[in-house]
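Contents: one structure, followed by commentary.
Labels below follow one simple rule: chain letters A, B, ... track the order of the sequence lines, proteins then strands, and each chain is numbered from 1.
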There are 2 protein chains.
Amino acid sequence: MTEAKTDPRILRTRKLIMDSFIDLSSKKEFKDITIKDITTEAMINRATFYYHFMDIYDLLDKALTEVLLVNLNGKEYENSELNEKTLVSLFTAITDFQTSLSTRCHRGYEDTIARIIRDQLEVIFFRMLERQHPEEVEEGLKLSATMLSWGLYGASMEWRRSSDSVSPEEFIRAAIPFIQNGIGN
Amino acid sequence: MTEAKTDPRILRTRKLIMDSFIDLSSKKEFKDITIKDITTEAMINRATFYYHFMDIYDLLDKALTEVLLVNLNGKEYENSELNEKTLVSLFTAITDFQTSLSTRCHRGYEDTIARIIRDQLEVIFFRMLERQHPEEVEEGLKLSATMLSWGLYGASMEWRRSSDSVSPEEFIRAAIPFIQNGIGN
DNA sequence: TCCGATGTGTTGGATATCCAACATTTCAGC
DNA sequence: GCTGAAATGTTGGATATCCAACACATCGGA
């Protein structure tokens with residue numbers, strides 16, 4: 001299994017940094033958060049920050065990914081089918097995530113957030129497709145996963161834009177027949 | 001000034017250990033808390049624990065002292081007189097501290113707790129007496145501080161024992177004339 | 001324009017922490 | 001009693017973190 005076991009100091013320090021960053025994010029805008037702020041809050045040296053992250057954007061990226069994964073892992077898609085229930089669950093997880101972000105202040109980084117969401121969705125979709133269609137070539141499954149991730153993300157954008165307050169569940173259900181059966185002809 | 005500046009890793013690790021211990025104390029009895037429990041929660045190695053503390057009793061001691069000092073430091077007795085107001089404030093700080101402990105589970109360690117409270121009270125009393133009576137010899141001030149600390153602690157025990165729910169303020173005020181003016185003859 | 005102040009990154013040597021292994025103690029269960 | 005499992009302490013070598021110093025970029029005010 002090639003289990004590599006990362007040093008616990010690394011796990012602890014990353015957690016301290018990420019927690020501090022998430023905590024600060026609820027108090028200041030991202031652009032006003034300095035690396036010194038983070039390291040002071042985390043009680044670690046500034047040099048240590050650079051041992052773990054390229055720069056503050058790298059941290060933003062990894063912290064958001066982490067938070068999103070927490071949102072998603074609660075649902076454990078590992079062994080579930082790509083069916084209506086799963087799609088609804090994924091969609092609400094995304095809308096929840098974005099709602100939680102809107103209270104913090106990450107304005108101006110929508111593109112970063114979008115990429116992170118799509119990346120994680122793509123991984124999840126690909127795993128599911130691989131399990132459900134072992135006979136297909138990886139190429140096609142990969143591309144399908146990509147398109148599904150873009151599609152679902154786009155749907156979440158559309159849901160936010162729509163002023164009528166329909167629930168995420170209802171909203172996405174309208175599209176599910178097309179996802180499952182294709183557009184036909 | 002001989003400022004020695006302790007390594008921030010030491011401060012951070014001690015804080016992690018103490019916080020974990022205090023957290024665990026609210027979930028288990030002290031006798032059921034193992035050092036592995038603490039180090040796991042704190043995300044530090046067991047060997048590191050022994051770098052900072054002799055054993056778990058040493059930790060108990062220092063953690064309780066820390067908590068008590070937080071209770072007391074809010075009042076900053078550094079520059080205040082040893083008058084009625086200060087005495088009432090000290091007394092309520094002690095009763096508050098003991099009440100907070102009774103929710104956690106430190107039964108069987110009353111003597112440790114008592115010693116910690118008396119030690120800290122003695123330091124505070126001595127500093128005040130030294131400032132108010134610079135002409136007196138240290139010997140007498142020290143002993144007075146000792147007796148005051150035992151006395152105030154004893155009063156807090158008596159307050160807890162008394163079933164009639166009189167407030168700490170009222171309770172201690174009854175003794176203040178004797179403290180301030182002596183027993184006379 | 002220039003300047004001081006503040007933030008970003010980087011580096012080499014010092015040190016706190018980790019790990020694995022070990023001996024010892026405690027204690028529940030047979 | 002005995003025995004295995006779990007907890008307590010201890011150690012020497014490996015590694016993550018700290019520190020002080022440095023160069024560079026940014027920026028608001030004289």
Side-chain angles (χ1 to χ4, degrees), chain A residues 1-25 27-64 66 105-109 112, chain B residues 1-25 27-64 66 105-109 112:
Chain A
M1 295 294 194
T2 68
E3 39 194 290
K5 269 222 219 178
T6 68
D7 192 302
R9 282 172 287 187
I10 290 183
L11 298 175
R12 188 214 307 138
T13 300
R14 289 212 177 121
K15 178 170 162 49
L16 286 172
I17 292 176
M18 290 218 186
D19 287 354
S20 301
F21 176 61
I22 290 173
D23 193 44
L24 282 172
S25 293
K27 298 175 190 159
K28 295 185 179 191
E29 294 209 30
F30 175 74
K31 70 176 178 50
D32 293 331
I33 296 176
T34 168
I35 291 178
K36 188 93 194 67
D37 290 342
I38 298 167
T39 57
T40 301
E41 173 98 7
M43 299 180 79
I44 58 129
N45 191 276
R46 203 163 54 84
T48 306
F49 176 91
Y50 291 103
Y51 184 90
H52 294 279
F53 303 96
M54 297 273 302
D55 52 30
I56 203 170
Y57 300 100
D58 187 30
L59 170 60
L60 173 65
D61 202 303
K62 287 174 173 148
L64 289 179
E66 185 72 23
C105 298
H106 293 296
R107 268 185 286 279
Y109 299 92
T112 301
Chain B
M1 294 293 192
T2 68
E3 38 194 289
K5 267 222 221 181
T6 68
D7 192 302
R9 283 173 286 188
I10 290 183
L11 298 174
R12 188 213 309 139
T13 300
R14 289 212 175 120
K15 178 171 163 50
L16 286 172
I17 292 176
M18 291 216 184
D19 286 353
S20 301
F21 174 62
I22 291 173
D23 193 45
L24 282 172
S25 293
K27 298 175 189 157
K28 296 184 180 193
E29 294 209 30
F30 174 74
K31 70 175 177 49
D32 294 330
I33 296 175
T34 169
I35 292 177
K36 189 91 193 70
D37 290 342
I38 298 167
T39 57
T40 301
E41 172 98 6
M43 299 180 80
I44 58 128
N45 192 276
R46 203 162 53 84
T48 306
F49 176 92
Y50 292 103
Y51 184 90
H52 294 279
F53 303 97
M54 298 273 303
D55 52 30
I56 203 170
Y57 300 99
D58 187 29
L59 170 60
L60 173 65
D61 203 302
K62 287 175 173 149
L64 289 179
E66 185 72 22
C105 299
H106 293 296
R107 267 185 288 278
Y109 299 92
T112 301

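With contacts defined as side-chain heavy-atom distances shorter than 4.5 Å, the pair B:Asp19/B:Asp23 does not qualify. Inter-residue side-chain proximity for A:Phe30 and A:Ile56 is flagged as met; some heavy-atom pair is nearer than 4.5 Å. At least one side-chain heavy atom of A:Tyr50 sits less than 4.5 Å from a side-chain heavy atom of A:Ile35. For the pair B:Pro8 and A:Asn45, the minimum side-chain heavy-atom distance is 4.5 Å or more.
The CG-C1' distance, from A:Leu16 to C:dT17, rounds to 14 Å in whole Å. The distance from atom NZ of B:Lys36 to atom P of D:dG9 is 15 Å, rounded to the nearest whole Å. In this structure, B:Arg12 atom CZ and D:dT17 atom P are separated by 8 Å, rounded to whole Å. The NZ atom of A:Lys31 sits 12 Å away from the P atom of D:dC27 (whole-angstrom rounding). As a whole-Å value, the separation of A:Leu59 CG from C:dT8 C1' is 15 Å. The CD1-C1' distance, from B:Ile35 to D:dG9, rounds to 8 Å in whole Å. The CG atom of A:Asp58 sits 10 Å away from the P atom of C:dG9 (whole-angstrom rounding).
For a distance-only test at 3.5 Å, the side chain of A:Arg9 qualifies as a donor-acceptor partner of the base of C:dT17.
The nucleotide whose nearest atom lies closest to any side-chain atom of A:Asp7 is, among D:dT17, C:dC18, D:dA7, C:dC18. Here the nucleotide nearest the side chain of B:Asp55, chosen from D:dA16, C:dG9, D:dG9, is D:dG9.
B:Thr34 has a side-chain polar atom (N or O) that falls below the 4.0 Å cut-off from OP1 or OP2 of D:dT8. Between B:Thr13 and the phosphate of C:dA16, there is no side-chain N or O to OP1/OP2 separation shorter than 4.0 Å.
Within the model, atoms CD1 of B:Ile22 and NZ of B:Lys15 stand 9.0 Å from one another, a figure rounded to the nearest 0.5 Å.
Along DNA chain C, the nucleotide closest to A:Ile33 and the one closest to B:Ile10 are compared, and the more 5′ of them pairs with A:Ile33.
Taking each heavy atom of A:Lys62 and A:His52 in turn, the nearest pair found is NZ-O, 4.3 Å. The two residues A:Phe49 and A:Thr39 have their closest heavy-atom pair at CB-CG2, 3.9 Å. Closest approach of B:Leu16 and A:Arg12 over heavy atoms only: CD1-CD, 3.8 Å.
Within a heavy-atom distance below 4.0 Å of DNA chain D, the residues of residues 44-54 of chain A found are A:Ile44, A:Asn45, A:Ala47, A:Thr48, A:Tyr51, A:His52.
Here salt bridge (charged side-chain N to carboxylate O under 4.0 Å, His left out) pairs that include residues 35-49 of chain A, with residues two or more places apart or in two chains, are A:Lys28-A:Asp37.
Taken over five-pair windows at either terminus, the axes of the helix from C:dT1-D:dA30 to C:dC30-D:dG1 are inclined to one another by 40° (rounded to 10 degrees).
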